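Written out below as structure tokens is the structure these notes cover.
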Amino acid sequence: MTTKRSPWQRTHTCGELDLAHKDQEVVLNGWIENHRHHGQLVFLDLRDRYGVTQIVVDSEANGMVAGTFETVRRLGAEDVVSVRGKVRPRDADKVNKNRSTGAIELLALQVIVLSEADTPPFEVHDKAEANEELRMQYRYLDLRRRPLQEALMKRARFVTAIRNFLQQNRFIDIETPILTKSTPEGARDYLVPSRVHPGKFFALPQSPQIFKQLCMVGGLDRYYQIARCFRDEDLRADRQPEFTQIDLEMSFVEEHDVLDVVEAMFVHGMKEGFGIDVPQPFPRFDYFEAMDKYGCDKPDLRFGMTLVDCTELAKKSDFKVFAGAVATGGIVKGICAEGAAEKFSRKGIDELTAFVTGLGAKGLAWAKVTASGLEGSIAKFYEGDKGKELVAHLGGKPGDLLLFVADQKKVVHKALGDLRLKVGGLLGLRDPKVFRGCWVLNFPMFEWNDEKGRWQFAHNPFSAPVNWDITDFSVDTDRIRSRAYDFVMNGWELGSGSIRIHRPALQAKVFEFLGISPEQQRANFGFLLDSYKFGGPPHGGIALGVDRIVTLALGREGIRDVIAFPKTAAAFDLMAEAPSYGTPEQMAELHILSTAKKPES
RNA sequence: GGGGACGUAGCUCAAUUGGUUAGAGUACCGGACUGUCGAUCCGGUGGUUGCGGGUUCGAUUCCCGUCGUCCUCGCCA
């Protein structure tokens, strides 16, 4: 084997030449991004991952290899070439300040075509627009562009920082199976038929949950994995059928141990990966506190405008809507939009009203605070001292806009919580360059499923109840809390975890309450339950969504913008055209008969 | 599974109330040009208006169905 560099191979990248390389003879490799012909003088922009360098091809240049100029005349966009040339400083008035290499240009001595390109289906340079369908179909072309390259490079830096941090904090990177067992609760599984076991299927993991807990039983103490997870559910801008989590688990810990280490890890990753300083510490909210103040379990802390309970004041008023809601067991809450009075016309408020009624509220009560009192739909019910009391209760001042919803608590929180976000957005309070994290703890353990007519896990079946000694889950079920926590930033749920149950009797009791028979427990989780019989340590952990974190940090629209090869909303890979039909031979070997009608081909 | 938006030249878009030969920019091809950097100038190629059906004298336009993309509700323990 030769170790010698071939003559066409690059000595530098397209992003690194500057005045320090003056007069050097170098070789660059890259794609033709643009070409500008001036008769006997041609400019080429040569692009690689590192940047763009201007190549000058002068038909009268000394020392240029014969035929080079004719070669260059035939070049087109996206052709791959090797250019040997001499680095030449540009005149001061010809410097391109938009490029790192803008102070120089490369005077070509020889150009070799390494690969010819057809006219691409869309223009590859950054300024050209192309619809997302086409960009996904020709993803390798979109990958040549800066936005995706930047996202992938920063994503890699972030993940590397996370790995380094966890390695230094005694976590072990452990791989868990991709071919595993289907679980009955939770999201729909992707199934993989077994050839060797007729009629049986593996499932792709929705997360490594059970395996990471088994790592704790296995005495590994601290586990982590940058883990691919699979869920066969309908997609959104922030969901893909396969996605990546920073998954970790720790033994002999309580909530604060997990939260502290994850918070430090996250802050480190944001700094190293994206250069973003995230202020610490992150507030830690009890679930009900978050619901009361923000109307949701993933508060956006970039601005205030918290929900204020006005139920007591509402009782005193003659406003039938308020009184009526209270009389039927409902509540009244309001938000105070600082300085927003003049920013919302009557029409603007009508739009807000339509917004909340679309969320189930019956209407929107409002008032503008003036120097003399209140103006607006509820003003006549809150004249004089009553009005002053209301304004003071909400912390309002002249120029503020007060917005109220009266209804059952659930409706109020949904409507007013979402309204808070909408108004905050309209007032420019949700700056994408500001990052405010928080924790929400002690989620309800169960939630009622109307459709199935039974209780189900609100978080996951392994989350411990706050009270270890609980014996009967059927008493005050809706008030039982679990030691589950969410990691939230700017209104996005970025991570979720819990302290787990590690005692088999308690785990069995939880399953029993949810109507999962001992036989089902054995069939689905037997190996986990068995493991606890041999000494399961107290443990807990969390999983953070890498795709969402990167999307948020870079201010992108959706997670497809930070994934190299994403799928469509219908979970289809437009480039690979996956999934595809199995051949009859494959199907037979896998003991599979499809009931789907295959379109005539 | 439900709702909504979109689908016209390789790409990004336009096309009056349903009316003449479906246009523009860009890309591409050809020509001119030795200092451009989103080069410029001149000329040219390029269309199953996603697909199928219907209404109509006439459909890019209206209706139905279907396919695809995106958003959203359900769903995502």
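Side-chain atoms are counted along with the backbone in the values below, which use heavy atoms only and exclude waters and symmetry mates. Proteins come first, then strands; the chains are lettered A, B, ... in the order of their sequence lines, and each starts at number 1. What you are looking at is a predicted structure, and each value in this text was computed from that prediction instead of being measured.
- Between the side-chain ring of A/F122 and the base of B/C11, no stacking contact exists by the 5.5 Å and 30° definition.
- A heavy-atom distance below 4.5 Å is not found between the side chains of A/M445 and A/W455.
- Base engagement by A/H37 is indicated by at least one non-hydrogen atom pair under 4.0 Å involving a base atom.
- Spacing between atom CG of A/D58 and atom P of B/C33 amounts to 15 Å, rounded to whole angstrom units.
- In this structure, of B/U34, B/A77, B/C28, it is B/C28 that holds the atom nearest to the side chain of A/H35.
- Contact check, A/N131 against B/C6: no side-chain N or O comes under 4.0 Å of OP1 or OP2.
- Counting atom types as modelled, A/R90 pairs a side-chain N or O with a base atom of B/C37 as donor and acceptor under 3.5 Å.
- For B/U69, the OP1/OP2 oxygens have a side-chain nitrogen or oxygen of A/T568 closer than 4.0 Å.
- Ring planes of A/F473 and A/F446: perpendicular class, angle over 60° (limits at 30 and 60°).
- Taking the six-membered ring wherever Trp is involved, the centroid distance between the rings of A/F487 and A/W439 falls below 6.0 Å.
- The salt bridge (Lys or Arg N to Asp or Glu O under 4.0 Å) contacts involving residues 493-506 of chain A comprise A/E249-A/R500, where partners must be two or more places apart or lie in separate chains.
- Comparing A/A187 and A/S59, the nucleotide of RNA chain B nearest to each residue sits closer to the 5' end for A/S59.
- The same atom, C1', is picked in B/U72 and in B/A27; the two are 35 Å apart, to the nearest Å.
- B/C41: Watson-Crick or G-U partner is B/G31, with both key distances under 3.5 Å.
- Relative to the side chain of A/K127, the nucleotides B/G38, B/C28, B/U69 differ in distance, and B/G38 lies closest.
- Here the separation of B/C63 from B/U16, taken at their P atoms, is 15 Å to the nearest Å.
- As judged by a 4.0 angstrom heavy-atom cut-off over every strand, A/Q54 is placed among the base-contacting residues.
- Aromatic pair A/F511/A/F525: centroids less than 6.0 angstrom apart.
- When heavy atoms are screened at a 4.0 angstrom cut-off, A/Q40 is found touching base atoms of the nucleic acid.
- We find that CG of A/L134 is positioned 16 Å from P of B/G50, with the value rounded to whole Å.
- Side chain A/D234 to base B/C75: no donor-acceptor pair is found below 3.5 Å.
- Comparing B/U36, B/U69, B/G1 against the side chain of A/F572 picks out B/U69 as the nearest.
- At a threshold of 4.0 angstrom between heavy atoms, the contacts of A/A237 are confined to the sugar-phosphate backbone, with no base atom among them.
- In this structure, the CZ atom of A/F525 is 13 Å from the P atom of B/A77, given to the nearest Å.
- In this model, the phosphate group of B/C73 is approached by a side-chain N or O of A/R236 to a distance below 4.0 Å at OP1 or OP2.
- When the C1' atom of B/A77 is taken as reference, atom CD of A/Q507 falls 12 Å away, rounded to whole Å.
- Here the P atom of nucleotide B/C37 and the CG atom of A/D45 are 11 Å apart, to the nearest Å.
- Put simply, CG on A/D142 is 15 Å from C1' on B/U69, counting in whole angstrom units.
- In this structure, CZ of A/R239 is placed 10 Å from C1' of B/C73, rounded to the nearest angstrom.
- Just one of A/E242, A/E132, A/E577 meets the salt bridge (charged side-chain N to carboxylate O under 4.0 Å, His left out) condition when paired with A/K567; it is A/E242.
- Across B/A59 and B/G53, the matching C1' atoms stand 13 Å from one another, rounded to whole Å.
- Between the C1' atoms of B/U49 and B/G43, the separation comes to 27 Å (whole Å).
- Across all strands shown, B/G19 pairs with B/C57; the Watson-Crick or G-U wobble distances both stay below 3.5 Å.
- A/F202 does not carry A/K181 over the face of its six-membered ring by the limits of under 6.0 Å from the centre and within 45° of the normal.
- Dashed line: the shortest gap from a side-chain N or O of A/R135 to OP1 or OP2 of B/U69 is not under 4.0 Å.
- When the C1' atom of B/A77 is taken as reference, atom CZ of A/R483 falls 19 Å away, rounded to whole Å.
- Residue A/R560 is in sugar-phosphate contact alone, with no base atom involved, counting any heavy-atom pair closer than 4.0 Å across all strands shown.
- One donor-acceptor pair, N or O on each side, does fall under 3.5 Å between the base of B/G35 and the side chain of A/R88.
- Taking the side chain as every heavy atom from C-beta outward, A/Q225 and A/Y223 approach each other to under 4.5 Å.
- Taking the six-membered ring for Trp, A/F43 and A/H37 have ring centres at least 6.0 Å apart.
- The base-pairing partner of B/U69, taking Watson-Crick or G-U wobble contacts with both distances under 3.5 Å, is B/A5.
- Residue A/H38 places its side chain closer to B/U34 than to any other of B/C71, B/A27, B/U34.
- The gap from the P atom of B/U21 to that of B/C37 amounts to 42 Å, rounded to the nearest Å.
- A/P121 comes within contact range of the sugar-phosphate backbone alone, with a heavy-atom separation under 4.0 Å but no base atom that close.
- A distance of about 9 Å separates the P atoms of B/U8 and B/C13, rounded to the whole Å.
- Look at the P atom in both B/C11 and B/G47: the space between them is 13 Å, to the nearest Å.
- A donor-acceptor contact under 3.5 Å is not formed by the side chain of A/E123 with the base of B/U12.
- The partner of B/G10 is B/U26, judged by Watson-Crick or G-U wobble contacts that both fall below 3.5 Å.
- With both ends at atom P, the span from B/G25 to B/A32 equals 23 Å, rounded to whole Å.
- Nearest nucleotide to the A/E105 side chain, out of B/U36, B/G38, B/C28: B/U36.
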